[in-house]
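The structure displayed is predicted, hence computed values, not measured ones. Naming: A, B, ... by sequence-line order, numbering from 1 per chain.
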Amino acid sequence: MEISGGRTSGEDKDRATAFGGADAGSAAAGAADFGARTEPGTLPPTGPGAPSPVAAAWRRLIRNRGAVFGMAVICAMGLAALAAPLLSPYSYWDGVPGCERLGPRPGFWLGTDMLGRDVLSRMMYGARISLAVGIAATALSLVIGLSVGLTAGYSRGILDAVLMRVTDTVYAFPGILLAVGIAAIAEKPSPWIAFVALGLSGWTGIARVTRAETMKLAGADYVLAARALGVPTLRILWRHILPNALSPVMVMATLAIGGNILGEAALSFLGLGAEDPYPSWGGMLAEARDHFTVYWWMGVFPGLAIVLTVLAFNMIGDGLRDALDVRSGGAPY
Amino acid sequence: MSRLWFFAALWLCMAASFLLLGRSRAAGTAAGGADVPAPGPDEGFFRVPINANPPTLDPTWVVTVVADGISRRIFNTLVRHSPDGPGGSLVIRPDLAESFELSADGRRYTFRLRPGVRFHNGREVTARDVKWSLERLAFPDGSERLFDLDCILGARAFRESALRWRRSLPPGNGVYVDWSEAGLGIEGIRVLDDRTVEIELGEPFAPFLSLMALTPASILPKEEVLRRKSDFGRFPVGTGPFRMAAHEPNSHILLERFDGYFEGPARLKGIFYRVVRENPVALQEYRAGRFDISPVPMGMLREIRSDPSLSRELSETAGLSTAYLGINMESGPAAGNVHLRRAMAFAIDREYLCSTVLGGAAVPAKGVLPPGMPAYDPGLEGQRYDPDAARRELEAAGFPGGKGLPPLRLYYRADGEGRLVCQAIQMQLRRASISVDLRPLEWGTFLARTRRGECPMFRLAWVADYPHPHNFLHTLFHSSLAGEMNRTRTRDPEVDRLTEAALREAGPAKSAELYRAAERRVLELAPWIVLYHGKTNLLIKPYVRGIRGRITPLDVDTVLPGVDFLKVEMDSVPESGGRR
Amino acid sequence: MWGYIARRLLQSVPVLIGVTLISFAIVHALPGSPAEVLLGPRASAEQIDAAAEELGLNRPLPIQYLKYLGRLVRGDLGVSWSQKDLPVSSILVRDLGVSVRLALGAMTFAMLIGIPLGILSSRRPYGLLDNLAMGASLIGICTPAFWLAMLLILVFGVWLRWLPISGYEPGSLAHLVLPSVTLGAISAAVLARMTRASILDAMGEDYIRTARARGLSEWRTLLAHAFPNASLPLITVIGSNLASLFTGAVLTETVFSLPGMGRELYEAIFNRDYNLMLGCIVVMSVIFVLANLAVDVLYAFLDPRLRRG
């Protein structure tokens, strides 16, 4: 479903399979890059001799116009969200009597809704939900995905097989059931539902990529050397494998934030995340759907906000991919 | 190169299969095995959007309004409600029964069936069908409206013995079994001869004829039910003016005229129902000439009223429903505090809810009974908006200025109009220093929680099953139904006494007086904070005749269960298909 | 190859068991019993009890689950309670028809738009056309489906009135156009970006230089050499996207009132129709697993490196 399937995280699914999640697909590891990349040859060489790889990547990132645009948008959105109580001209829950259903005009720049509430103010509060859920759900996915991927990739054998079957199971599981289940069990609807549902269903791609990277790195000379020296496994994973496997995962995670924002909007649209009267962009769209042909501003502006935010995260993700040169396997060594 | 070919072939295969699949018709779904395409604008079929798939059209299990309205077209009941009374009020008219009489003690109804009425399968209707159909209602797992049917002598005993008997059967037949073969039956329903049936009640029950006019009390052919089993719900066979021609669940239902109908064939060739889940989409399809009737989406009424052409097609009818905030009388901060409940009742501006939030789609409520209901009291002062009184009551409740009052949890169904209404209520109560915590719930969870009494406050609407105050004041407030229909768990001896006395009272004026007293008592106790009475707002094409002005308060949806479709007809549709 | 397929099929068995187990657990953790939702708000406690007994809901959960698995192995999906005892299999067959058409429609749209767009933009990377196309596809990826659906309805259904905006008629392709576009938009965007990236990848390879050196025209080099070699990853995208399009269209199906699988599952959840719900999930996961298997097999088949290995 759009909630966690084709629409939102379909993207990282594609990437997952292409990156080598599928057992037969490891040869395709490099082919998953379908983003805008800089032309071959324009990237400065990186390697042990280059200054700090992180600093180099950052320099490349801020040279990417799309990524800078994305970061600017996210910063602006984040600021609007954090400072919503200070910046928003009106309350998010209390309408102005006599000002219901007004189209965009000075004072109410994006119009008012059925209860006379300012759409702009509500969108500023809505940004909190979208950004918080998008980022937090991705963080949750990241934690689960990295742990599973590292464990499976490093241990191989039975544990690997079991973990990968679990991953497949979650991958094949319709996320909407999870979301409805959590929503029904929860005492009341809240953004937590979207956070948990999206976080728990979105980690499979990350796990697969991490596993593939880990398997590759586990055979690297310096890892073998560390093992021979008797360095504890956890330390090897933490110090030697994780940092080097992180690049493709970071790109995926950035893109997944956008996907999770879309997922949150879809869940709110279905009424599974709405914490009335607290606004969320998807919930605002849901409220507008009965009369979108007439009071278009109640639906168009929140929709644009979603598109813009997701766009921004995607542009950052693309920029990150170029900067980290993920295509060549990610690790700059 | 071979990969390019492969790729092109793959793509071609997909495009081709899409085209092929798109062209091919769904496999044999019509009753006769033949496929029936959607009728065009001028084929004499009345085209209706429905917002949900009817789970079943078997009248015994009709739960949703949509199923009720469609089932009505296929079946008949012994009697029916007709808007022929003074001022368009509903009165009982004969339907399958050509006459009926009530014994002097008010306990024995005798129905005389019309001669020569036939089911769609050609068999004649007899008094035994009446007995079997009504018993099926009382059979375990029967209709939701069965709680009133217990008024028939022996209905409860029949249900208990039938339950025992069914448990002894091998599983697999579910509810498609014939208890009469086992010698079971309701004692109070007696077949006197082929055309006469007598129903004896345990004690007088004034709205009994109204019960017999409800869709679940339709008369069914036993042999078809037992033969078709669960398919009977999809391809029902009744006596009505229309019969099932094609049924594709979740997509469409096509009824065609039954030429052997006992009152003569209908004027419409048929009725075509199509599922359109979003009301604004249905409206647009209507405007494009693809439907002959359309619901008015929430918040759109105002726009439509001011649209010069659409406003002429608009039909607004008061319904028999009341939306309310129910307060759990057993637990929660408002349970033992009548002043707090009254403060809330005074703090809600119902006019604002109706005109601004709902855009005129409802009328403000003062009391429990909707206008149009017998015993409705136009002079009732009832609950009203009065911020000063709200302040005084809040002080009397022990929370002056709202100090010390914890937020009240308000539960409601997360989809539908309730969401907006509850947010508006929260706004208003907050302005009266009463803070509210909104708890939208998904429908199944909401039902479970309110039933178990876990919701201190909830928003619901009650739609009358039949035009009798019993269906409001007894069903929703009598202590014997607390925790069931009586979701607020109101237990008040005075309300019990008044509603019981009103039911026993034979004189309509006296009975109405008692119901009014019960209503006043309920409003005083305030387990309900009444909000508004719903209206049925529809757009009907000008070329459709026989619906406008015939819509009854029992019609809640585009399917119009209360309208007699025998007389509905359509002038030939203009060339443009009604486009504007 | 056959051994590989057999191994993969075997691996999917625990996946399916896991999926049913999790679904079963979630389904039964939902408050509100099927009996309650089935009988509606007016039912009495006594009726609900009787119905629960009838549906076999009073037995211990592990027993219910094992019974379900037992029936599943025999191919019996049970009957739907919310649709009054209609066999789940017949409901699913009907829904699948719609979902297959919708998914194929969406994928056809995606391929029709996405691949040519990707080829065009790879022709002159960072040219005007490329920037426009990639900008458009980026926006395509970022647009919520239901919002896109609302806009499409507004433009094509209300202003222009070119296309029907709801419902499904077996004979009519027009009814599938807007839903297909809605559902396929993201896939189209992903395909466009993927096509472009893989072609650019391939353009750096030796055989392209050879082709160019042989004096082949740019277009010819692109279409006859670069694209075929770049199309391998596209198959992965198409395959796995197709699987999620099959199962992931609940919003599209809702807005356009299409009687497909996604909507069926959604309603089954709300009706607490356990059999129908589990049936939907089983069918969806089987499609998912099979589609991904098919993609991998195809991949192995088409990629000579893998075939040799």
Output the option from [options] having the highest count of non-hydrogen pairs under 4.5 Å with chain A.
options: Leu420(B), Val281(B), Leu441(B); value: Leu420(B)
options: Arg430(B), Arg449(B), Met298(B); value: Arg430(B)
options: Gln426(B), Arg409(B), Glu442(B); value: Gln426(B)

Chain A contact via [X] - which portion, at a heavy-atom distance below 4.5 Å:
X: Thr356(B); value: both
X: Ala414(B); value: side chain
X: Gln428(B); value: neither
X: Phe446(B); value: neither
X: Met427(B); value: both
X: Glu278(B); value: side chain

Contacts of type salt bridge (Lys or Arg N to Asp or Glu O under 4.0 Å), residue Asp118(A), not counting sequence neighbours: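 Asp118(A) satisfies salt bridge (Lys or Arg N to Asp or Glu O under 4.0 Å) with no residue once adjacent residues are dropped.
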
What's the shortest heavy-atom distance between Ala305(A) and Trp281(A), and which atoms? O-CZ3, 3.7 Å

Carefully, step by step, assess Leu325(B) and Ile348(B) under the rule side chain to side chain contact (heavy atoms under 4.5 Å, CB included). CA-CA 11 Å; Leu325(B) 292 187; Ile348(B) 291 172; 3.9 Å; yes

Looking at side-chain heavy atoms only, is the closest gap between Ile129(A) and Tyr278(A) below 4.5 Å? yes

Taking side chain as C-beta onward, heavy atoms only, is Leu131(A) less than 4.5 Å from Met77(A)? yes

Any luck finding a side-chain donor-acceptor pair between Glu454(B) and Tyr411(B) under 3.5 Å?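 No - no donor-acceptor pair under 3.5 Å links their side chains.
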
Any luck finding a side-chain donor-acceptor pair between Ser268(A) and Glu264(A) under 3.5 Å? yes

Is there a salt bridge (Lys or Arg N to Asp or Glu O under 4.0 Å) between Arg305(B) and Asp307(B) once you walk through the steps? CA-CA 6 Å; Arg305(B) 276 184 188 155; Asp307(B) 182 310; over 6 Å; no

Less than 6.0 angstrom from the centroid, inside 45 degrees of the normal: does Arg117(A) satisfy that with respect to the ring of Trp93(A)?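 The answer is no; the distance or angle limit is not met.
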
Close contacts, residues 96-113 of chain A versus chain B, judged by heavy atoms under 4.5 Å: Pro97(A), Glu100(A), Arg101(A)

Salt-bridge present (Arg431(B), Asp94(A); N to O < 4.0 Å): yes

